[in-house]
Amino acid sequence: MANKYPFQDIEQKWQKWWEDNGIYHAKQPSDTKDKKFYTLVEFPYPSGDGLHVGHPRSYTALDIVSRKKRMEGLNVMYPIGWDAFGLPTENAAIKKKMQPAIITEKNVATFKRQTQSLGTGFDWSREINTTDPKYYKWTQWMFIQFYNAYFDESLQKARPITELEIPAEIQKDGDLAIRNYRDSKRIVYKTTTTINWCPACKIGLSNEEAQGGVCERCGGEVEKREKEQWMMRITKYANRLIDELSDVNYLDKIKTQQINWIGRSEGALIKFAITQNQSQDHVHRTIDEIEVFTTRPDTLFGATYLVLSPEHPLLTSWIDHDAIENIKEVKDYQETTRKKSDRERQENKEKTGVEIHGLKAVNPATGKEVPVWIADYVLAGYGTGAIMAVPAHDERDYEFAKKFELPIIKVVVPPALAELSHPPANITPVSQEDVRVESECWIGEGISINSEFLNDLTTDKSQEKIVAWLEEHGAGHGCTNYKQRDWVFSRQRYWGEPIPMIHCEKCGWQPVAESELPILLPDVENYEPTDSGESPLSVIIDWVNTTCPACGGNAKRETDTMPNWAGSSWYFLRYCDAENDQVFASPEALKYWMPVDLYDGGMEHTTLHLLYSRFWYKVLHDLGHIPESCGVEPYAKRTAHGMILGEGGIKMSKSKGNVVNPDDVISEYGSDVFRCYEMFMGPFDTDAPWDTHGIQGIKRFLDKIWSLHQTRTTNDELRTTNPSDAKFEIRNTKYESILHKSIKKVGDDIDAMRFNTAISQLMILTNTLLESESVTDDDYKTYLKLIAPFAPHIAEQIWHNFGNESSIHLEAWPTYNPDLLIEDTITLGVQINGKVRGEITIAPDAKESEAMEAAMQDENVKKYLDGTEPKKVIYVPGRILNIVI
RNA sequence: GGGCCCGUGGCGGAAUCGGUAUACGCAACAGACUUAAAAUCUGUCGCCCAAAAGGCUUGUGGGUUCAAGUCCCACCGGGCCCACCA
């Protein structure tokens, strides 16, 4: 069957030829004067399951863009590697009793074979692997650079810790105080935080591994545990991570999701004095002060009680000082909260809490005393871990106040001003029908109101007026808060980069000397987690015991490892200069290649990997390890592809048995069909279900391309390339115009990543050429070049059948002749009163009178006009003729 | 509860600037070729009507406009992310 595309005989041959000839190897800046284009896909995690059909969607899409850019003369780098550290491999190692390194090697081999069989034009000479010591040496090196840096608030950038000014009052307290002060400013720091703990597996879990409060491994409930952890001060970059998004071209939904995740909100910190009821003399004495964060300082007058999170540190001090009358009740509530899993806390939103007897809080604006409560609806980790409750203006406070019968006071603008302010107060109670307001008060009520304060107290201004008043009276100040927390960077795991730190009793934490890097992961026999929740590395005594880099005394290594986000936070930099063993990448290489021009990946990485790597890049850039000229953002453009779902639109999963294996698709249809099918399924950024029938249509398309070539080459008469031959001049204007339209459309569609419509245009073109009596060699070659980015193998084969020796993928991308885009005549719809009643065929630039004349010839139009004189004629050349009667 | 997005034939989808809705493909049906099947080729294919003519049609209801799948308002339905973030 000669007119079937014989992919079995063709595809592997070209894959080998491309690699042998380095067709896709990018030139380094020293070897070229060409402009660069850097295309990046998220490097895969080589799991034991092998490649998913979702991977090729991203790879093929960016491959098409890369191939077109290459044909346009750019020096394209499209690299690939392996993000191979991580939990699934470690779990497999425990289960199979094999070394994680060996499992990784096996998985990488499978992934590499599968990826190569796709025919993607990756530059394999730059292949990297995060578990390779030559790679993670630099991950560790960067960790140390971050440790040796602090964030300068006034410059809003990282600087070497040696440049940190030590305040005089710290200096006078001596070396230890100075050391503590420095440690409190470092970008990398160690502190006690709460981690997710699975009691069944005896293992610490990351938030991602404990989603919904359930252990990813065993499905059991997850507890909280206190643990010393290494942290990254990403919160210092919160403002820049939001503001510098304006420099980049990301999908809007990606930007919004990042902004929401960081969760910046403007408000104020307000101080409430805490007074104790001295029962002997009935005098209320101030014993403490507590700060609350609010985004609505203007509702301060309606604050009828204060709520602390059960974890609030002041509670411990009050308990210790016996300031609380109902200590047992408070302690019990704290204990109950601690035992609650995240899931319980999330699912059960019924408000609970305990009033603290013996203490009151003083509202700084009104001077009135209000009760103090603890409740778990106040989160320890956000703001100050304490709130002023304004039940009339906050739903949660309202619910709580209802349950515990606390007063509800609505804040309004003073009546005298309500008339003046237009519109009047837009401060609305949470639920207007529902709120039974016990009383109202004015904004500013209780403050010694002066006329100036009142004069421009409108609703819009009330926020800033109150903040100004608070600042003036030392009762608070404006403040910005973020939902995002610092990045927990420790894992009590084996299969990750060892954290290159050493602890010395005398000198504290010391980074490993750079000359000692990489700190290799030692072999261990047992990956099972330890009872104490320490990393499996902690039991390798020989490895743990070392000497202090500072004093030479006995010291111990850090046994925690890095999270698997570490290696992926900078891999795009390594590609620029993957073989360099002096630096992670040379400044010249970085200057040339960075930033990444186009980066595609899944939406699921928007708030983790994408944010982490932007942060990581900014720190390196601030510290001068990335040339200034590269800019402050690593990725100029970021897109996100949709998922490929199983047949019927449900997610592919082993348990549902609807997983499609790329190997099977390739052996049945070949890579070109596979590629084109995934591009044709639907818009690139939308989820699409797999359809076994749909792939048939693409197979037919490729067979048509092949059969077009077969009929051409077997017909010698049409093969002439001699312009003097009369046959050369036989032109089919129909195909010519469609060919040039296709050059434009396919090119535009690739640039806009509309691959589905590009392929539909190529189908139209192929069908047209099949119907045409003859096609010139030049036009046919143009056609092949349009096909090449989508179906590289078949295009290369036919190209070589023509006697070409070099690759079609290095040919110049075709240009179109704008004159040929304009057709001599077009069909135009004719509307009567906005309804289509006929069609006319006229020149695209015909005048209105000509169009009207043509329309009058149309029987149907005539019938509808019925001799009536048009009231109005709307004629948009090339678009529409609308006659209003 | 907050944020983002989407509703077009039997199905995936197209319509890029407000200008002939349903391109391209799948499935289906009829026919050709074949001893037969597959493959291939030809034709039909939004709905109502026997057909033509005509009417209706982009989740529903309004609005703006000469003209709305596209813009505005309300509602209904679906998806994703975050979620007691003060």
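All chains are named by letter (A, B, ...) in the order of the sequence lines, taking the proteins before the strands, and each is independently numbered beginning at 1.
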Answer syn or anti for rG9(B), where the cut-off is 90° from 0 on the glycosidic torsion. syn
Roughly how far apart, to the nearest Å, are rG12(B) and rG7(B) at atom P? 12 Å
Given the P atoms of rG77(B) and rG69(B), what is the spacing between them in whole Å? 24 Å
Base of rC26(B) relative to its sugar, syn (within 90° of 0) or anti? anti
Could you write out RNA chain B as a dot-bracket string, with dots for unpaired bases, | for bases paired across to another strand, and Watson-Crick or G-U pairs counted at under 3.5 Å? (((((((..(((......[....))).(((((.......))))).(((.....)))..(((((..]....))))))))))))....
Separation between the C1' atoms of rU20(B) and rG46(B), rounded to whole Å: 16 Å
So, using ring pair (Phe, Tyr, Trp, His ring centres under 6.0 Å) as the criterion, who are the partners of Y377(A) when residues are at least two apart? F400(A)
Going by the salt bridge (Lys or Arg N to Asp or Glu O under 4.0 Å) test, which pairs reach into residues 299-310 of chain A, not counting sequence neighbours? none
L379(A) side-chain proximity, nearest of rA14(B), rC84(B), rC4(B): rC84(B)
Can R264(A) and D243(A) be counted as an ion pair, charged N to O under 4.0 angstrom? yes
Using whole Å, report how far CD of E647(A) lies from C1' of rC26(B). 12 Å
Answer yes or no: is there an ion pair linking R837(A) with D858(A), defined by an N-O contact shorter than 4.0 Å? no
Taking CG from N833(A) and P from rC66(B), how many angstroms apart are they, rounded to a whole number? 12 Å
Using the ring of each side chain (for Trp, its six-membered ring), is H605(A) parallel, tilted or perpendicular to H609(A), with breaks at 30° and 60°? perpendicular
Picking from rA86(B), rC4(B), rU16(B), the nucleotide nearest the side-chain atoms of K745(A) would be rU16(B)
Is the number of heavy atoms from other residues, nucleotides or ligands within 6.0 Å of CD (E848(A)) greater than 12? yes
When rounded to the nearest Å, what value does the distance between C1' atoms of rA68(B) and rA15(B) take? 13 Å
Report the residues that fulfil ring pair (Phe, Tyr, Trp, His ring centres under 6.0 Å) with Y482(A), sequence neighbours left out, ordered by chain and then residue number. none
Listed partners of F755(A) passing ring pair (Phe, Tyr, Trp, His ring centres under 6.0 Å), at least two apart: F684(A)
How far does the P atom of rC66(B) sit from the matching atom of rG61(B), given to the nearest Å? 23 Å
On the nucleotide rC82(B), are OP1 or OP2 found under 4.0 Å from the side-chain N or O atoms that T607(A) carries? no
Give the rounded distance in Å between these two atoms: CZ of R754(A) and C1' of rG12(B). 18 Å
Can you tell me whether the side chain of K351(A) and the base of rC84(B) have a donor-acceptor pair closer than 3.5 Å? yes
Spacing of the P atoms in rC45(B) and rU22(B) (rounded, Å): 12 Å
For L828(A), which of I880(A), T841(A), I842(A) qualifies under side-chain contact (heavy atoms from CB on, under 4.5 Å)? I842(A)
What is the distance, rounded to the nearest whole Å, between atom NE2 of H393(A) and atom C1' of rC84(B)? 19 Å
N/O (side chain, Y377(A)) to phosphate O (OP1/OP2, rA86(B)) under 4.0 Å: no
With a 4.0 Å limit, can you tell me whether N860(A) has a side-chain N or O closer than that to the phosphate oxygens OP1/OP2 of rA53(B)? no
Could you state the atom-to-atom distance from CG of D685(A) to C1' of rG79(B) in whole Å? 14 Å
Rounding to an integer number of Å, can you tell me how far M681(A) CE sits from rG13(B) P? 9 Å
In whole angstroms, the gap separating P of rC41(B) from NZ of K4(A) amounts to 8 Å
Between rA14(B) and rC4(B), how many Å separate the two C1' atoms, rounded to a whole number? 25 Å
Side-chain donor/acceptor of T384(A) to backbone N/O of E291(A), under 3.5 Å: yes
How close or far is atom C1' of rC66(B) from atom CZ of R837(A), stated in whole angstroms? 15 Å
With side-chain contact (heavy atoms from CB on, under 4.5 Å) as the criterion, how do M652(A) and V53(A) come out once you've worked through the C-alpha distance, each side chain's angles and the decisive distance to 0.1 Å? CA-CA 10 Å; M652(A) 282 191 194; V53(A) 287; 3.5 Å; yes
Contact class for F400(A) (heavy atom, under 4.0 Å): base, sugar-phosphate, or nothing? nothing
Are the charged groups of K402(A) and E399(A) less than 4.0 angstrom apart, N to O? no
When we call it a touch if two heavy atoms are under 4.0 Å apart, what does V292(A) touch: a base, just sugar-phosphate, or nothing? nothing
Once each nucleotide of nucleotides 19-25 of chain B is scored for protein heavy atoms under 4.0 Å, what B/S/- sequence comes out, 5' to 3'? BBS-BBS
Start at the 5' end of RNA chain B and walk down; is the nucleotide closest to D749(A) or to G834(A) reached first? D749(A)
Gap in Å between the two P atoms, one belonging to rG13(B) and one to rA52(B), rounded: 31 Å
Nucleotide nearest K253(A) (side chain, heavy atoms from C-beta), chosen from rA86(B), rC4(B), rC81(B): rC4(B)
